[in-house]
Chemist: 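Have a look at the structure that comes next, please.
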Amino acid sequence: MKVHAAGSATQVRAIAGISLDIARGAHVAIVGESGSGKTTLMHLLGGLDRPTSGSVQVDGVDIGTASRSKLKRLRARRIGFVFQGFNLIASLDALENVMLPARYAGVAVDRARDRAQRLLADVGLADRMRHRPAQLSGGQQQRVAIARALVNDPALLLADEPTGELDRRTSETVLGLLEEIARKEGHTLVVVTHSEAVWKRAERIVRIADGVLVA
């Protein structure tokens, strides 16, 4: 369960209670309308928030009871995030943006650079590494975001409306790329979406409404 502002007059029960197991290497779509609780669930899975009650375990770590430092290490090393708005740092070029999580995780500069360069080449941006976000198209920015999410070889890859800012053709290209890399590298891929075109591509679909599992 997750309650925002618990105990106050404005408390909101975002997650009423969900029991869910996601197998390693699976491709799962979490589906729901706006306000259904799907983004809150993603934040719980990604260690960006803690449950008010109950247990959330990722790669053997209980997010609800883990220390702040252990949770930080989990996010840095075992979880990758792909956000709808890309969340790239405007003052950094593509290579620097991709390297950043590796540097936060304590990876040596040369190793982080080599890994980032390989991933940018894998997503088709070998010739755009020194371009800043403003110099890239929306699809290219999302490819940078995918490379950044993968730089620490995460066990769990979370994508929140990964095509929300993209046109249909670019969306299909980016989704195919994300799925291909996740499958090749053995990552667990969880996509949070309300788009039928996105969730129909998943191996398993989890539907939530009003903070509960409905299908």
Chemist: When you compare the side chain of Gln142 with that of Glu165, does any pair of heavy atoms fall below 4.5 Å?
Modeler: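 Side chain of Glu165 against side chain of Gln142, heavy atoms only: no contact under 4.5 Å found.
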
Chemist: Are Leu189 and Glu179 packed together at the side-chain level, in the sense that at least one heavy-atom pair is separated by less than 4.5 angstrom?
Modeler: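 Yes, their side chains come closer than 4.5 Å.
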
Chemist: How long is the span from the CD1 atom in Ile146 to the CG atom in Leu177, to the nearest 0.5 Å?
Modeler: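 So the CD1 of Ile146 and the CG of Leu177 are separated by 5.0 Å.
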
Chemist: Whether Asp59 and Arg24 form a salt bridge (side-chain N of Lys/Arg under 4.0 Å from carboxylate O of Asp/Glu) is what I want to check.
Modeler: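 Counted as a salt bridge, because a side-chain N and a carboxylate O are separated by less than 4.0 Å.
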
Chemist: Could you go through the side chain to side chain contact (heavy atoms under 4.5 Å, CB included) check for Gln135 and Gln140 one step at a time?
Modeler: CA-CA 9 Å; Gln135 298 170 309; Gln140 289 171 335; over 6 Å; no

Chemist: I'd like to know if the side chain of Glu172 and the backbone of Arg169 have a donor-acceptor N/O pair within less than 3.5 Å.
Modeler: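 Pair absent, no side-chain N/O of Glu172 close to backbone of Arg169.
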
Chemist: Would a 4.5 Å heavy-atom cut-off, applied to side chains only, mark Phe81 and Asn87 as touching?
Modeler: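 Phe81 does not reach Asn87 side chain to side chain.
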
Chemist: Is it true that Asp122 and Arg118 make a salt bridge, defined as a side-chain N closer than 4.0 Å to a carboxylate O?
Modeler: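 Looking at Arg118 together with Asp122, the answer is yes, because their closest N to O distance falls below 4.0 Å.
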
Chemist: Assigning hydrophobic clusters by single linkage (Ile, Leu, Val, Met, Phe, Trp, Tyr; side-chain heavy-atom cutoff under 4.5 Å), is Ile208 placed with Val31?
Modeler: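 Not linked; separate clusters.
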
Chemist: Please check: side-chain N/O of Glu185 versus main-chain N/O of Asp153, any donor-acceptor pairing under 3.5 Å?
Modeler: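 Pair absent, no side-chain N/O of Glu185 close to backbone of Asp153.
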
Chemist: Could you state the interatomic distance from CD1 (Ile205) to CD1 (Ile30), rounded to the nearest 0.5 Å?
Modeler: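 With rounding to 0.5 Å, CD1 (Ile205) is 12.0 Å from CD1 (Ile30).
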
Chemist: Show, in sequence, the C-alpha distance, side-chain angles and deciding distance for Thr173 and Arg143, and conclude whether the side chain to side chain contact (heavy atoms under 4.5 Å, CB included) test is met.
Modeler: CA-CA 10 Å; Thr173 300; Arg143 288 172 184 236; 3.0 Å; yes

Chemist: Got a donor-acceptor contact below 3.5 angstrom from the Asn152 side chain to the Pro101 backbone?
Modeler: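 Side chain of Asn152 to backbone of Pro101: a pair is present.
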
Chemist: On a heavy-atom basis, which atom in Asn97 and which in Ile89 lie closest, and how many Å separate them?
Modeler: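 Looks like OD1-N, 2.8 Å.
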
Chemist: When you look at NE2 of His194, are more than 12 heavy atoms from neighbouring residues, nucleotides or ligands closer to it than 6.0 Å?
Modeler: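 No, not enclosed.
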
Chemist: Check whether His187 reaches the backbone of Pro154 with its side chain - one donor and one acceptor, N or O, closer than 3.5 Å.
Modeler: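 Indeed, once roles are kept as given, a pair shorter than 3.5 Å links the two residues.
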
Chemist: Any side-chain to backbone donor/acceptor pair from Glu96 onto Asp93? Under 3.5 Å, distance only.
Modeler: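 Confirmed, Glu96 side chain pairs with Asp93 backbone.
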
Chemist: Which pair of non-hydrogen atoms, one from Arg115 and one from Val151, has the smallest distance, and what is that distance?
Modeler: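 Closest pair (atom of Arg115, atom of Val151, distance): NE-O, 3.0 Å.
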
Chemist: Do the side chains of Val61 and Lys70 get nearer than 4.5 Å, heavy atoms only?
Modeler: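 With C-beta onward as the side chain, the pair touches.
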
Chemist: Can you spot which of Leu120, Leu95, Leu136 makes a side-chain contact (heavy atoms from CB on, under 4.5 Å) with Arg128?
Modeler: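 With Arg128 as partner, side-chain contact (heavy atoms from CB on, under 4.5 Å) holds for just one option, Leu136.
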
Chemist: Spell out, as yes or no, whether a donor-acceptor pair under 3.5 Å connects the side chain of Arg207 to the backbone of Val214.
Modeler: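 Side chain of Arg207 to backbone of Val214, a donor-acceptor pair under 3.5 Å: no, none is there.
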
Chemist: Salt-bridged, Asp114 to Arg111, with N to O below 4.0 Å?
Modeler: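 Looking at Asp114 and Arg111, the cut-off is not met.
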
Chemist: Please step through side chain to side chain contact (heavy atoms under 4.5 Å, CB included) for the pair Arg103 and Val109, ending with a clear verdict.
Modeler: CA-CA 7 Å; Arg103 296 297 295 134; Val109 174; 3.4 Å; yes

Chemist: May I have the step-by-step check of side chain to side chain contact (heavy atoms under 4.5 Å, CB included) for Arg75 and Leu48, ending in yes or no?
Modeler: CA-CA 8 Å; Arg75 288 196 303 265; Leu48 296 175; 3.8 Å; yes

Chemist: With heavy-atom distances below 4.5 Å as the criterion, would you say the side chains of Tyr104 and Lys72 are in contact?
Modeler: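 Counting from C-beta outward, Tyr104 and Lys72 never come under 4.5 Å.
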
Chemist: Would you indicate whether the side-chain heavy atoms of Ile63 and Leu44 approach each other to under 4.5 Å?
Modeler: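 Heavy-atom side-chain distance check fails, nothing below 4.5 Å.
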
Chemist: Do side-chain atoms of Arg50 reach the backbone of Ala66 as a donor and acceptor pair under 3.5 angstrom?
Modeler: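 Looks like yes, one N/O pair under 3.5 Å.
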
Chemist: Please answer: with hydrophobic residues joined when any side-chain heavy atoms are less than 4.5 Å apart, are Val192 and Leu41 in the same cluster?
Modeler: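 The answer is yes; both residues are in one hydrophobic cluster.
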
Chemist: Would you say the side-chain atoms of Glu203 pair up with the backbone N or O of His27, donor to acceptor, closer than 3.5 Å?
Modeler: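 Flag set: sc Glu203 to bb His27 pair under 3.5 Å.
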
Chemist: In Å, rounded to the nearest 0.5 Å, how long is the span from CG of Asp49 to CE of Met42?
Modeler: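 Between Asp49 CG and Met42 CE, I get 11.0 Å after rounding to 0.5 Å.
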
Chemist: Which heavy-atom pair separates Phe86 from Arg148 by the least distance, and what is that distance?
Modeler: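 Shortest heavy-atom contact: O-NH2, 2.7 Å.
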
Chemist: For residues Gly46 and Leu158, report the shortest heavy-atom separation together with the two atoms involved.
Modeler: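 Minimum heavy-atom contact is CA-CD1, 3.4 Å.
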
Chemist: For Val3, is there any backbone N or O sitting under 3.5 Å from a side-chain donor or acceptor partner on Thr52?
Modeler: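 Yes, Thr52 side chain to Val3 backbone: donor-acceptor pair under 3.5 Å.
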
Chemist: Do you see a donor-acceptor pair shorter than 3.5 Å between the side chains of Ser195 and Thr193?
Modeler: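 Side chains of Ser195 and Thr193: no pair found under 3.5 Å.
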
Chemist: What I'd like to find out is whether the side chain of Val174 reaches to under 4.5 Å of the side chain of Pro162, using heavy atoms alone.
Modeler: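 Val174 does not reach Pro162 side chain to side chain.
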
Chemist: Answer yes or no: is there a side-chain heavy-atom contact under 4.5 Å between Leu125 and Val144?
Modeler: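 Heavy-atom side-chain distance check passes, below 4.5 Å.
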
Chemist: Of all the heavy-atom pairs spanning Leu178 and Ala159, show the shortest one and how long it is.
Modeler: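 Of all heavy-atom pairs spanning Leu178 and Ala159, the closest is CD2-CB, 4.2 Å.
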
Chemist: Taking all atoms of both residues into account, what is the closest heavy-atom pair of Ile181 and Val123, and its distance?
Modeler: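 Taking Ile181 first and Val123 second, the nearest heavy atoms are CD1-CG1, 3.8 Å.
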
Chemist: Please answer: with hydrophobic residues joined when any side-chain heavy atoms are less than 4.5 Å apart, are Met129 and Leu150 in the same cluster?
Modeler: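 Yes, Met129 and Leu150 fall within the same hydrophobic cluster.
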
Chemist: Please answer: with hydrophobic residues joined when any side-chain heavy atoms are less than 4.5 Å apart, are Leu71 and Val56 in the same cluster?
Modeler: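 Result: yes, single cluster for both.
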
Chemist: Looking at Ala209, is its backbone amide N or carbonyl O close enough to the side chain of Glu33 to form a donor-acceptor pair, meaning the two atoms are under 3.5 Å apart?
Modeler: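 No; zero donor-acceptor contacts below 3.5 Å.
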
